[in-house]
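These numbers were taken from a predicted model, which means no experiment stands behind them. So you know, we letter chains A, B, ... as the sequences are listed, proteins then strands, and number each from 1.
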There are 2 protein chains.
Amino acid sequence: MSSATASDPASGPASDAMASEPLRAPGPADPDRTARARIRDAAITRFAADGVAATSVRAIAEEAGVSPPLVMHHFGSKDRLRVACDQHVAALVREQKHAAMAAGGGLDPLAAMRAYEGGPPLLGYLARTLIDGSPHVAELVDEMVADAVGYMAEGEAAGILMPTEDPEGRAAVLTLWSLGALVLGEHAKRLLGVDLTGDPAHSMRYFLPALEIMGRGIIAPEAYEQISASFHDAQEDGT
Amino acid sequence: MSSATASDPASGPASDAMASEPLRAPGPADPDRTARARIRDAAITRFAADGVAATSVRAIAEEAGVSPPLVMHHFGSKDRLRVACDQHVAALVREQKHAAMAAGGGLDPLAAMRAYEGGPPLLGYLARTLIDGSPHVAELVDEMVADAVGYMAEGEAAGILMPTEDPEGRAAVLTLWSLGALVLGEHAKRLLGVDLTGDPAHSMRYFLPALEIMGRGIIAPEAYEQISASFHDAQEDGT
DNA sequence: GCGGTGGCTGAACTCATGTTCAGTAGTCTG
DNA sequence: CAGACTACTGAACATGAGTTCAGCCACCGC
């Protein structure tokens with residue numbers, strides 16, 4: 001799944017119009033790209049690198065090569081810029097996801113985005129913004145879980161995946177784990193020497209144990225039966 | 001704080017001296033508790049609730065019932081206060097961990113801390129500070145992984161856990177997943193209706209799927225053999 | 001009693017931030 | 001060419017942040 005979708009440049013430029021306002025006339029030709037787009041991408045890059053709160057409008061303006069007031073001119077406020085970034089990233093992620101669907105997606109809901117290159121750092125942005133409560137990102141997570149439920153139902157029908165009592169719960173837990181490891185990228189790097197936002201082929205120290213756990217679990221069968229029974233008992237008491 | 005120090009009064013007061021400076025003389029008796037300790041705990045509480053960057057010294061002072069300059073008087077700067085919080089939380093976590101060791105720890109490295117009540121919100125603080133690079137918290141994570149390696153070796157010897165090629169890698173991945181889900185607590189709540197910083201008995205919607213995955217995995221045996229082989233091939237190319 | 005020491009505070013300082021304002025340059029419309 | 005509109009900027013404003021200052025007040029050794 002890693003080397004698969006390396007090349008799909010077709011849908012790249014379309015993203016701008018898709019993600020933000022009604023396609024403000026391309027106007028004054030474009031020597032490079034629209035200042036608005038440069039600002040947005042600069043913001044995504046800086047937000048991904050330093051976090052939203054720690055990034056100043058001035059830093060974004062500098063990275064985009066414009067003056068701070070122009071940021072306000074185009075987006076009104078830092079908050080609205082942030083919303084625009086959320087929406088743009090969400091649009092790009094959906095695009096990557098749908099592109100990957102055609103190529104037959106794998107188990108990892110993030111696989112498609114890891115291959116993405118050349119644009120703003122989607123995974124880095126997600127890793128940062130997953131934790132400070134954006135409705136758009138939350139929506140994206142919900143979609144990922146829903147997608148995972150779908151994929152896993154197919155996998156189960158095809159005999160590749162094991163059945164489960166609680167498909168939504170299982171999908172949610174797996175998604176939380178994937179995204180959680182992404183958010184803790186700094187610790188993953190320190191502990192395992194891998195960069196989860198990069199090429200999976202260089203992150204086998206993470207993916208091999210993960211696959212092993214997904215494949216045969218970590219608990220011996222007899223012990224599992226026992227623990228499972230006691231957990232199910234506990235469930236009847238609490239929620 | 002309500003039920004007082006009923007459980008373990010011995011180590012309670014000691015933690016102050018342990019976590020911070022050379023035990024500044026208990027001085028003017030203590031009508032309640034030392035202002036210094038109140039400030040530190042207030043900071044931990046606010047950091048846990050709102051994040052470090054979003055918490056002002058004034059907010060901490062208000063929560064502790066003191067004036068902002070007193071915070072500076074005791075800790076010198078917000079940064080040094082934050083370090084003191086890191087160290088104090090690290091000390092409390094180690095304390096809880098060691099206490100839980102005696103009682104025979106379980107699979108979940110966070111289990112001990114979930115039971116902790118009456119003090120500052122350890123898990124909430126961890127969930128917030130895991131992502132903004134504190135050396136003390138990183139150290140704590142390293143210790144958790146090392147502990148997990150130890151526990152899992154014992155479990156393996158006892159026939160409860162499956163053996164693995166890469167014990168450190170497996171322990172690191174499981175720790176990353178546990179902590180990652182904790183950090184994404186907001187999403188866990190929305191998706192599953194659970195509070196991972198609270199009582200596990202009310203979080204079965206998370207723990208049951210997690211146990212199932214840990215127990216028998218999610219991939220059917222034949223498919224697993226196949227994928228595993230291709231992953232091991234891929235490993236020979238990249239890192 | 002008395003000077004001093006340390007916990008503690010109200011007010012003020014400095015700085016960075018998000019944001020606004022007034023104005024310029026270039027281009028399109030009539 | 002007049003007018004208008006849009007992209008864009010330098011300078012300034014307002015606010016909230018971390019931090020500092022000078023002094024109060026209770027206690028303690030002399």
Side-chain angles (χ1 to χ4, degrees), chain A residues 16-17 20-44 46-47 49-86 128 132 134, chain B residues 16-17 20-44 46-47 49-86 128 132 134:
Chain A
D16 190 4
S20 31
E21 276 97 85
L23 180 57
R24 162 174 264 90
D30 43 352
D32 225 337
R33 280 159 72 228
T34 270
R36 186 186 164 85
R38 282 206 323 270
I39 293 170
R40 195 215 320 104
D41 286 1
I44 293 173
R46 302 291 312 198
F47 286 164
D50 305 328
V52 176
T55 299
S56 71
V57 171
R58 284 167 177 81
I60 296 168
E62 189 180 4
E63 173 125 358
V66 300
S67 66
L70 190 62
V71 176
M72 314 309 294
H73 176 67
H74 280 297
F75 294 94
S77 72
K78 186 187 178 183
D79 248 13
R80 287 212 283 275
L81 168 59
R82 193 249 153 100
V83 170
C85 290
D86 281 351
R128 283 287 187 176
D132 42 29
S134 146
Chain B
D16 189 7
S20 31
E21 276 98 86
L23 178 58
R24 164 175 261 91
D30 45 351
D32 225 337
R33 279 160 71 228
T34 268
R36 185 186 166 85
R38 284 207 321 271
I39 293 172
R40 195 216 318 106
D41 287 1
I44 293 173
R46 303 291 313 197
F47 287 163
D50 305 329
V52 176
T55 299
S56 70
V57 170
R58 283 167 176 82
I60 296 169
E62 190 180 4
E63 172 123 1
V66 301
S67 66
L70 191 61
V71 176
M72 314 309 295
H73 177 68
H74 280 298
F75 294 93
S77 72
K78 185 187 179 184
D79 247 13
R80 286 210 284 275
L81 168 59
R82 191 251 154 101
V83 170
C85 290
D86 281 351
R128 284 286 187 176
D132 43 29
S134 144

Spacing between B/I39 atom CD1 and D/dT19 atom P, to the nearest angstrom: 14 Å
Closest approach of A/R58 to A/P68 (non-hydrogen atoms, all atoms of both residues): CG-CG, 3.9 Å
For B/R33 against B/R38, the heavy-atom pair lying closest together: O-NH1, 3.3 Å
5' precedence on DNA chain C between A/A54 and A/G76 (nearest-nucleotide basis): A/A54
Intermediate values then yes/no, side chain to side chain contact (heavy atoms under 4.5 Å, CB included), A/V57 and A/L81: CA-CA 10 Å; A/V57 171; A/L81 168 59; 5.9 Å; no
Presence of A/H74 side-chain N/O under 4.0 Å of D/dC8 phosphate oxygens OP1/OP2: yes
Over all atoms of both residues, closest heavy-atom pair of A/V52 and A/F47: CA-CD2, 3.7 Å
Proximal nucleotide (of C/dC21, C/dC8, C/dA11) relative to the B/A35 side chain: C/dC8
Rounded distance in Å - CE (A/M72) to P (C/dT20): 6 Å
Contacts of B/R128 that satisfy salt bridge (charged side-chain N to carboxylate O under 4.0 Å, His left out) - sequence neighbours left out: none
Rounded (10°) bend between the five-pair end axes of the helix from C/dG1-D/dC30 to C/dG30-D/dC1: 10°
Spatial distance of atom CG (B/D132) from atom CZ (B/R82) [nearest 0.5 Å]: 4.5 Å
Closest approach of B/A64 to B/I39 (non-hydrogen atoms, all atoms of both residues): CB-CA, 3.8 Å
B/R36 CZ - C/dC8 C1' separation (whole Å): 15 Å
Nearest-Å distance for atom pair CG/P, residues B/L81 and D/dT19: 10 Å
Separation of atom CZ in A/R82 from atom P in C/dG18, rounded to whole Å: 14 Å
d(CG, A/L70; C1', D/dA7) in whole Å: 7 Å
Sub-4.0 Å heavy-atom contacts from residues 55-62 of chain A onto DNA chain C, ordered by number: A/T55, A/S56, A/V57, A/R58
Below 4.0 Å: OP1/OP2 of C/dG7 and any side-chain N or O of B/H73: yes
CG on B/D41 to OG1 on B/T34, rounded to 0.5 Å: 11.0 Å
Non-hydrogen atoms of A/D50 and A/A54 that approach each other most closely: O-CB, 3.4 Å
